[in-house]
Every structure is written in structure tokens, then in C-alpha cells.
*Asks:* 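Here you go, one structure.
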Amino acid sequence: MILRMSTLFLRTLRDDPADAEVPSHRLLVRGGYVRRVAPGVFTWLPLGFLVYRNVEAIVRNEMDAAGFQEVHFPAMLPREPYEQTNRWTEYGDTLFRLKDRKGADYLLGPTHEEMFTLLVKGEYSSYKDLPLVIYQIQTKFRDEARPRAGILRGREFVMKDSYSFDVDDDGLARSYARHRDAYIATFERLGLDFVIVSAMSGAMGGSASEEFLAPTEVGEDSFVRCTSCDYAANVEAVVTTAPADAEVSGVPAAHVEQTPDTPTIETLVDLANGRDDLARADRPWTAADTLKNVLFMVTGTDGSRTPLAVGVPGDREVDLKRLEAVLQPGIATVFEEADFVAHPSLVKGYIGPGALGEASASGVRYLVDPRVVSGTRWITGANESGRHVFDLVAGRDFSADGVIDVAEVREGDACPACGGQLTLARGIEIGHIFQLGRKYAEALDLKVLDETGRLVTVTMGSYGIGVSRAVAAIAEQSHDERGLIWPREVSPADIHLIATGKSDEAFEAAEVIATQLDAVGVRVLFDDRRGVSPGVKFNDSELLGVPTIVVVGKRLAEGFIEIKDRRTGDREDVPVADVIEVIRAIVAA
RNA sequence: CGGGGCGUAGCGUAGUGGCUAGCGCGCCUGCUUUGGGAGCAGGAGAUCGGGAGUUCGAAUCUCCCCGCCCCGACCA
């Protein structure tokens with residue numbers, strides 16, 4: 001392959017586009033890899049499409065190597081299957097919907113669980129046919145409320161999604177493990193730095209699910225990693241270790257105090273420390289000694305609205321993402337004025353356990369942070385304006401309806417696996433593997449006969465890789481101030497060959513090199529543009545990011561060609577006679 | 001959906017009531033130049049997001065609409 005820049009459909013930009021913030025977006029646009037068509041919708045230009053196809057080929061190759069079989073569904077799908085699993089409704093505005101001329105509803109697939117399930121249902125009916133894994137590489141559509149960061153989060157994107165079908169849980173575990181291995185191999189080949197994080201809270205009893213995250217500052221997912229063991233989890237899935245029950249004896253009886261002008265935790269703590277009759281003998285009060293009770297209204301998928309109180313130590317906020325992860329598919333919103341009016345026993349700013357709980361007057365379900373174990377003593381609201389209760393002891397003076405682990409996760413929190421310290425980081429979700437279980441098989445009635453002749457519901461897994469997103473993730477992780485730096489296997493070419501100078505000699509010599517390299521299978525991006533100054537060519541080569549840059553120019557007269565490594569900047573002069581072999585060796589390495 | 005910002009040529013931008021809307025990049029023609037985004041000369045390219053209004057006069061002021069970007073909410 002020889003791509004000639006004299007005729008390539010490519011225009012690089014000298015300035016950053018004004019609407020691009022993150023590096024991958026900026027550089028992919030500047031380098032002429034992609035162009036925006038609509039919000040979250042992009043066109044791949046020739047160089048970009050080469051990169052995209054390389055990534056796609058690696059993904060497909062690893063899937064095939066794992067023994068999975070490729071199929072291809074339509075992107076446009078009928079409504080009925082999604083009606084049966086309730087996702088026509090559950091997906092809400094995120095679903096792109098359309099009608100045909102007869103008024104029948106269609107959708108642009110956001111993901112294809114239903115279609116795969118129905119396909120298998122139509123073909124298979126025996127346990128002997130399983131296990132089965134089929135996959136597709138398909139354009140997906142999600143009408144995101146806010147597409148952002150260019151290719152990283154579009155409304156149209158390409159995803160590899162596979163689905164496993166097994167008769168039992170052990171089979172599902174094996175299919176899951178095969179995917180995990182295949183994903184590791186895939187992302188390693190893509191040159192991505194990644195971590196595998198657990199994506200679902202074990203405490204909530206969900207099925208096994210892990211995310212593959214590519215760490216970068218611009219990532220949308222927050223995750224924690226342990227500094228002393230290999231624990232890693234999405235913040236939504238972090239499990240808080242509950243401390244041991246505390247000793248109650250010696251803690252004074254609970255007492256209500258006048259605490260005027262203490263609308264915030266901070267003012268409350270200051271007041272408590274400032275008053276001799278309230279101050280602690282051993283140490284000052286801190287925000288962590290207070291119990292903050294936050295009220296939410298939880299909207300179910302059926303539209304029902306149920307209040308929920310969450311008690312967390314006053315030094316932490318309730319993390320809404322963690323809350324939603326626990327509540328899903330319910331949606332939580334903080335209490336509004338109208339909600340307080342509807343619940344007169346709840347005094348805003350002074351809500352305490354006394355007014356909460358299913359057995360209380362308010363009847364509001366009350367769940368507390370795992371740190372609120374039996375014997376812990378708290379300062380908290382007394383359910384009257386201007387009053388707080390001190391030395392309220394969990395287990396002795398109040399009890400909650402249950403535990404909910406939704407407080408914000410912080411740097412330095414304890415690792416649930418080993419007790420070490422957690423660090424927080426951000427990453428791009430590039431893959432997700434998920435033991436779905438029987439949800440879809442049940443909804444769509446996918447059953448097979450087992451060896452005893454009984455009908456059993458098939459158990460499924462679903463596994464995704466963001467193919468187009470992976471292109472951006474690679475760009476995000478692999479660039480410098482001058483431009484992109486592609487890993488060789490995804491690069492649009494193996495070498496970027498530049499001819500410089502005014503004379504014909506350099507161009508003729510470069511032409512010969514290009515032809516010879518092409519003949520031995522080296523992919524060449526050849527800057528054969530006449531009348532373009534060397535500076536422009538060098539800058540373009542660095543922007544475009546082909547890993548090896550070969551320059552035919554100044555030292556050709558002495559019989560040398562320059563070979564430059566894009567990533568390190570190292571350059572060496574190689575005799576013309578050796579250049580093909582040296583490049584072949586670099587490309588093969 | 002809430003908050004903030006922005007919309008002027010392919011790209012980046014100047015222009016806050018006044019004359020023919022300015023500049024840089026890119027593009028076209030010619031000459032020169034050729035190891036780090038070259039020089040000179042000439043040129044093409046803009047319904048100033050759209051509509052309505054105020055005014056002798058609107059890119060500029062007012063109102064409505066549309067679109068985009070960022071933060072948040074949302075997002076198996």
C-alpha cells in the first residue's frame with residue numbers, strides 16, 4: 001500500500017478546532033482523521049477509516065480466535081422485541097425511534113440483546129447446541145442527552161457486541177472467562193493501557209460484571225485501585241468496609257440540645273466545639289461525628305414515587321451515581337420543597353433518625369451508610385428546627401431499616417479486599433463483560449431441552465467493546481504536544497516517507513524506496529507533494545502520528561536516508577543500500 | 001432538563017450604532033524559495049445562525065427561534 005499525499009483526501013489544520021476540548025477530539029480533527037457532521041455524529045476520512053478498520057480487524061480477529069461466530073443484524077429494528085423486554089419504554093429518550101410509511105414503529109438499535117436472543121430461539125432447542133457465542137460489529141445509536149468529547153461519546157458509534165448462551169451457571173462462567181481472556185488479548189494488541197474493574201457491587205447481589213477502563217484524565221468513569229493489592233472497582237461498585245461494632249458503655253444518654261443557626265454541618269460542628277457543655281473531653285468534634293440524613297424521591301419505572309432517607313456521616317456526600325446504581329432502574333431526585341410539604345414530620349435541616357424509618361410516623365424508609373454500625377455515637381437532627389440530638393447511639397437509641405452503600409468514595413478510603421488505601425482515577429470504558437443471566441431469555445422465552453428432557457431457560461452473557469471509541473481512547477493515551485502517535489498495528493501506515501528538497505533526486509529516490517517497501521508488504525504513507533516546504537511536511541508527519549518517519553533529503557547526496565522514531569524522536573542515518581532491510585526490521589519488531 | 005459560554009469565508013478570529021465587514025491560516029495564478037508550518041505580487045471566497053422589531057443607518061441594540069461548546073443531571 002502506498003498512500004500518496006499529493007492525492008490523498010486530507011487536509012490537516014494548523015489551528016485547533018474551537019469546539020474540541022479533549023486531545024483525541026482535537027488531534028483527530030486537526031489531523032484530518034474525522035469530521036463532525038452533527039452533534040455526536042462523525043465521518044471517518046481516509047486516514048481515520050484506515051485506523052478504524054485496523055482496530056475493527058484486531059477486534060474481529062481476536063473474537064474469531066476465541067471461537068466466536070460473527071453475524072450481522074440490521075441497525076434498524078422493529079419495536080416488538082423491545083416491547084417484550086420493556087425497553088421500548090425503559091430506554092426513554094435515549095432511543096432513536098422512527099416510523100415507516102404505514103406508521104409502524106422502528107428503532108435504531110442501541111444494543112441487540114433482544115435480537116440475538118430471538119435469533120437463537122428460532123434456531124436452537126437442545127442443550128446439545130450449547131454453548132454458543134455469536135457476535136457482531138455494528139453501528140449503534142443512542143440519542144444521548146449530551147454527546148461530548150468527539151468520538152469518545154457519540155450518538156452513533158460502532159460496537160462489537162457478543163452474547164453467550166449456556167444451559168447453566170457454570171457454562172456461563174466459562175463463556176464469561178473466555179471473553180475476559182479475549183478482551184485482554186484484544187486491548188493488549190490495540191496498545192491500550194487498561195484496567196479491569198469490577199462494575200457491580202457484590203453487596204447488592206448482582207451478576208458478575210467487569211469493565212475494561214483505559215485510564216486517562218478525560219475518562220468519564222471514576223474508579224478506585226488499591227495501592228497494596230490488585231483490587232479495582234468502578235466507584236459505583238466500591239464496597240465500603242463496615243467497622244466492628246463499637247462499645248456502648250460509657251456513652252452518655254442521648255440528649256437534645258438547642259443549636260440555633262446551624263443550618264450546615266460545619267456550623268453545627270463549630271457550635272458543638274465552642275460550647276463547654278457540649279465539647280468532647282478527648283478530642284474536638286468533627287463532621288464525621290455527625291449523621292446527615294438526606295431525603296430522596298425515588299421514581300420507579302411504573303411512575304411510582306417513594307421517599308427514601310439515606311443517612312451518611314456528615315463529612316461525606318451521597319454520591320448520586322452510586323445511589324442510582326443501587327436503585328436502578330429507579331431514578332432518585334433530591335427532595336423538593338413540595339415533598340417536604342407533603343411530609344410535615346420531616347423538618348428540613350434537622351432531620352434525625354427519630355422521624356425516619358418504616359415504623360416511624362413518617363413511614364419513610366431509612367437506610368444508613370455501612371459505617372453506622374451498632375455502638376457508633378452521633379450528633380444528628382432532632383426533628384425540630386434549631387435542635388440537634390447528641391450522643392445518639394446506633395443500636396441503642398435508633399435503628400435503620402437497612403444499610404445502603406452510596407456515600408462518596410474518597411482517595412485514601414480503605415480497600416475492601418485487603419484494608420490498604422484506595423486511589424481514585426478516571427478512565428474511558430472501552431469494554432464491558434456482563435453475566436446477564438436469564439433476564440432476556442425469560443422475557444423472550446428462550447428455552448432448550450436439557451439431558452433429562454426438561455425445558456430449561458438459557459442463561460446469557462453480553463459483552464461489548466467500543467470499537468470506534470477504542471480509536472479515540474488510543475489517541476487519548478498515545479499522543480504528545482506535536483500530535484498523535486499510533487501503535488503500529490492500528491496506524492494508518494507503517495512508515496511516513498517524506499521527500500524534501502527542490503531537486504528531482506530526492507523524489508525519485510523516495511519513489512524507488514516506496515515501491516520497494518510496498519513490494520515487501522510495508523504500508524507506506526508517502527509525502528510526495530512538490531512545492532511544500534520541509535517544515536510543513538515534518539509537522540504533518542508528527543501530527544499524523546505514523547510510528548516511523550523516513551526522510552529522503554539533505555543527506556541523500558552523501559548516500560544517507562534518515563529514519564526517525566515518532567514516539568522517542570530518535571533518529572539515525574542509514575545508507576541508502578540498507579534502508580529497505582532496516583525498515584523491514586523496524587516494522588517487524 | 002438546570003447552569004455557563006458562543007454563533008462573522010473551509011479553519012482560527014477582529015470588529016459594542018456610521019462609509020466598501022478587517023486579519024491570519026488554507027485555497028487559486030505567477031515568480032522566487034526548499035531541513036522545521038517560506039517570500040513577493042495578484043486573486044476567489046461571507047444572505048455576519050434565522051426571523052421580526054427599534055433606528056436616517058444594525059454584525060453591533062431589543063424580542064422570538066435555531067444551532068454549537070463546556071459543567072452538572074442523564075447515560076446495561
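Each chain gets a letter, A, B and so on, in the order its sequence line appears, and its residues count up from 1. Fair warning: this is a prediction, and the values are worked out from it, not measured in the lab.
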*Asks:* Could you state the CG-C1' distance from A/D15 to B/G26, rounded to the nearest angstrom?
*Replies:*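 For the pair A/D15 CG and B/G26 C1', the rounded distance is 10 Å.
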
*Asks:* Quickly, which of A/E156, A/R155, A/R35, A/H25 forms a side-chain contact (heavy atoms from CB on, under 4.5 Å) with A/F42? Name it, please.
*Replies:*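 The passing option is A/H25.
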
*Asks:* Could you state the CZ-C1' distance from A/R566 to B/G36, rounded to the nearest angstrom?
*Replies:*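 Going from CZ in A/R566 over to C1' in B/G36 covers 14 Å.
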
*Asks:* Using the side-chain heavy atoms of A/T12, tell me which of these nucleotides is nearest: B/C11, B/G37, B/A76.
*Replies:*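 Comparing B/C11, B/G37, B/A76 against the side chain of A/T12, the answer is B/G37.
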
*Asks:* In terms of side-chain heavy atoms of A/P534, which of B/A76, B/C70, B/G35 is nearest?
*Replies:*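 Nearest nucleotide to the side chain: B/G35.
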
*Asks:* I want to verify a distance call: between B/A76, B/G35, B/C27, whose nearest atom is closest to the A/F434 side chain?
*Replies:*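 That would be B/A76.
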
*Asks:* Using only side-chain N and O atoms of A/S533, determine if any of them is under 4.0 Å from OP1 or OP2 of B/A38.
*Replies:*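 Answer is yes, contact under 4.0 Å.
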
*Asks:* Rounded to whole Å, how long is the line connecting atom CG of A/L544 with atom P of B/G36?
*Replies:*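 Interatomic distance, CG of A/L544 to P of B/G36: 19 Å.
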
*Asks:* Taking the P atom in each of B/G18 and B/U13, what is the distance between them to the nearest angstrom?
*Replies:*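 Looking at atom P only, B/G18 and B/U13 are 24 Å apart.
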
*Asks:* For the pair A/R142 (side chain) and A/P110 (backbone), establish whether a donor and an acceptor sit closer than 3.5 Å, ignoring hydrogens and angles.
*Replies:*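 Yes; at least one donor-acceptor contact below 3.5 Å.
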
*Asks:* Give none if B/A38 has no partner; otherwise give the nucleotide forming a Watson-Crick or G-U wobble pair with it, both distances under 3.5 Å.
*Replies:*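 Partner of B/A38: B/U32.
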
*Asks:* Taking atom types as they are modelled, is there a donor-acceptor pair under 3.5 Å from the base of B/G37 to the side chain of A/E542?
*Replies:*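 Counting by modelled atom types and ignoring angles, no donor-acceptor contact under 3.5 Å is found here.
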
*Asks:* Please determine, for B/C1, whether a Watson-Crick or G-U wobble partner exists with both distances under 3.5 Å, and give it or none.
*Replies:*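 By the stated definition (distances under 3.5 Å), B/G72 pairs with B/C1.
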
*Asks:* Would you indicate what A/R482 reaches in the nucleic acid, counting non-hydrogen atoms under 4.0 angstrom: base, sugar-phosphate, or nothing?
*Replies:*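 Here A/R482 touches the bases of the nucleic acid.
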
*Asks:* Show your working on salt bridge (Lys or Arg N to Asp or Glu O under 4.0 Å) between A/R438 and A/E442 and close with a plain yes or no.
*Replies:* CA-CA 6 Å; A/R438 298 187 169 80; A/E442 260 159 24; 5.7 Å; no

*Asks:* Which part of the nucleic acid, if any, lies within reach of A/R36 when heavy atoms closer than 4.0 Å are counted: base, sugar-phosphate only, or nothing?
*Replies:*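 Sugar-phosphate, no base atom in range.
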
*Asks:* Of the non-hydrogen atoms in A/L544 and A/W486, which two are nearest, and what is the gap between them?
*Replies:*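 What the structure gives for the nearest pair is O-NE1, 3.1 Å.
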
*Asks:* Tell which nucleotide pairs with B/G7, taking only Watson-Crick or G-U wobble pairs whose two distances are both under 3.5 angstrom.
*Replies:*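 Across all strands, the one nucleotide that pairs with B/G7 is B/C66.
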
*Asks:* Could you please name the partner base of B/U47, counting Watson-Crick and G-U wobble pairs only when both distances are under 3.5 Å?
*Replies:*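 Partner of B/U47: none found under 3.5 Å.
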
*Asks:* Working note: A/H112 + A/L118, criterion side chain to side chain contact (heavy atoms under 4.5 Å, CB included); need CA distance, chi angles, decisive distance, verdict.
*Replies:* CA-CA 10 Å; A/H112 283 70; A/L118 289 171; over 6 Å; no

*Asks:* What's the CZ-C1' distance between A/R35 and B/G10, to the nearest Å?
*Replies:*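 Nearest whole value for this atom pair: 9 Å.
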
*Asks:* NA contact type, A/R571, heavy-atom cut-off 4.0 Å: base, sugar-phosphate, or nothing?
*Replies:*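 Here A/R571 touches the bases of the nucleic acid.
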
*Asks:* Work out how far the C1' atom of B/C1 is from that of B/C11, and round it to whole angstrom.
*Replies:*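 Rounded to whole Å, the distance is 33 Å.
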
*Asks:* For the P atoms, the ones on B/C74 and on B/G5, what distance do you get once it is rounded to whole angstrom?
*Replies:*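 Approximately 24 Å lies between the P atom of B/C74 and that of B/G5.
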
*Asks:* So among A/V51, A/T12, A/L45, which one has a side-chain contact (heavy atoms from CB on, under 4.5 Å) with A/Y33?
*Replies:*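 With A/Y33 as partner, side-chain contact (heavy atoms from CB on, under 4.5 Å) holds for just one option, A/V51.
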
*Asks:* At less than 3.5 Å, do the side-chain atoms of A/R14 and the base atoms of B/G10 form a donor-acceptor pair?
*Replies:*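 Answer is no: no donor-acceptor pair is held.
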
*Asks:* B/G7 and B/G15: how far apart are their P atoms, nearest whole angstrom?
*Replies:*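 Those two atoms are separated by 10 Å.
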
*Asks:* How far, in whole Å, is B/C61 from B/G45 if one measures between their C1' atoms?
*Replies:*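 The answer is 30 Å between these two C1' atoms.
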
*Asks:* With a 4.0 Å cut-off on heavy atoms, is A/A149 in touch with a base, just the backbone sugar-phosphate, or nothing at all?
*Replies:*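 Sugar-phosphate: the residue A/A149, judged by heavy atoms under 4.0 Å, touches backbone atoms but no base.
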
*Asks:* For A/E144 and B/A76, what is the distance between atoms CD and C1' respectively, to the nearest whole Å?
*Replies:*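 Distance, rounded to whole Å: 12 Å.
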
*Asks:* When we call it a touch if two heavy atoms are under 4.0 Å apart, what does A/T94 touch: a base, just sugar-phosphate, or nothing?
*Replies:*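 Nothing, no heavy atom under 4.0 Å.
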
*Asks:* How do A/V551 and A/E429 order along RNA chain B: which one's closest nucleotide is nearer the 5' end?
*Replies:*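 Counting from the 5' end, the first nearest nucleotide belongs to A/V551.
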
*Asks:* Report the base-pairing partner of B/A21 (Watson-Crick or G-U wobble, both distances below 3.5 angstrom), or none.
*Replies:*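 Checking every strand shown, B/A21 finds no partner, since no pair has both distances under 3.5 Å.
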
*Asks:* I'd like to know if A/K564 reaches the base of B/G35 with its side chain such that a donor and an acceptor end up less than 3.5 angstrom apart.
*Replies:*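 For A/K564, whose side chain was compared with the base of B/G35, there is no donor-acceptor pair (under 3.5 Å).
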
*Asks:* Among the candidates B/C74, B/C27, B/A76, find the nucleotide nearest to the side-chain atoms of A/R148.
*Replies:*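 Nearest listed nucleotide: B/C74.
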
*Asks:* Hey, do the aromatic rings of A/F73 and A/F116 have their centres closer than 6.0 Å?
*Replies:*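 A/F73 vs A/F116: aromatic centres under 6.0 Å.
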
*Asks:* Identify the residue among A/L484, A/I485, A/V55 that makes a side-chain contact (heavy atoms from CB on, under 4.5 Å) with A/I474.
*Replies:*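 The side-chain contact (heavy atoms from CB on, under 4.5 Å) with A/I474 is passed solely by A/V55 among A/L484, A/I485, A/V55.
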
*Asks:* Counting only Watson-Crick pairs (N1-N3 plus N6-O4 or O6-N4) and G-U wobbles (N1-O2, O6-N3), all under 3.5 Å, who is the partner of B/A58?
*Replies:*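 In the structure as shown, B/A58 has no Watson-Crick or wobble partner.
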
*Asks:* Counting any heavy atom closer than 4.0 Å, what does A/E220 reach on the DNA or RNA strands: base, sugar-phosphate only, or nothing?
*Replies:*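 Nothing: the residue A/E220, judged by heavy atoms under 4.0 Å, touches no strand.
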
*Asks:* What's the gap between B/A9 and B/C66 when it is taken at their P atoms, as a whole Å value?
*Replies:*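 Their P atoms lie roughly 22 Å apart.
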
*Asks:* With hydrogens left out and only the distance checked, is there a donor-acceptor pair under 3.5 Å joining A/D16's side chain and the base of B/G12?
*Replies:*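 No, the side chain and the base share no sub-3.5 Å donor-acceptor pair.
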
*Asks:* Nearest of B/G37, B/C11, B/G35 to any side-chain atom of A/D540?
*Replies:*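 In terms of side-chain proximity for A/D540, the closest of B/G37, B/C11, B/G35 is B/G37.
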
*Asks:* Could you tell me the separation between the CZ atom of A/R529 and the C1' atom of B/A38, rounded to a whole number of Å?
*Replies:*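 Answer to the nearest Å: 14 Å.
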
*Asks:* Nearest heavy atom decides the nucleotide; on that basis, is A/P17 or A/T500 closer to the 5' end of RNA chain B?
*Replies:*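 It is A/P17, whose closest nucleotide lies nearer the 5' terminus.
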
*Asks:* Suppose you measure atom C1' in B/U8 against the same atom in B/G24; what distance do you get, rounded to whole Å?
*Replies:*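 To the nearest whole Å, 15 Å.
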
*Asks:* Taking atom P of B/G35 as reference, at what distance in whole Å does atom NZ of A/K554 sit?
*Replies:*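 Value for this atom pair: 8 Å.
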
*Asks:* Using the C1' atom as the point on both nucleotides, what is the distance between B/U20 and B/U33, in whole Å?
*Replies:*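 Going atom to atom, C1' in each nucleotide, I get 35 Å.
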
*Asks:* Could you check how far CD of A/E21 sits from P of B/C6, rounded to whole Å?
*Replies:*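 Spelled out: CD on A/E21 to P on B/C6 is 14 Å.
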
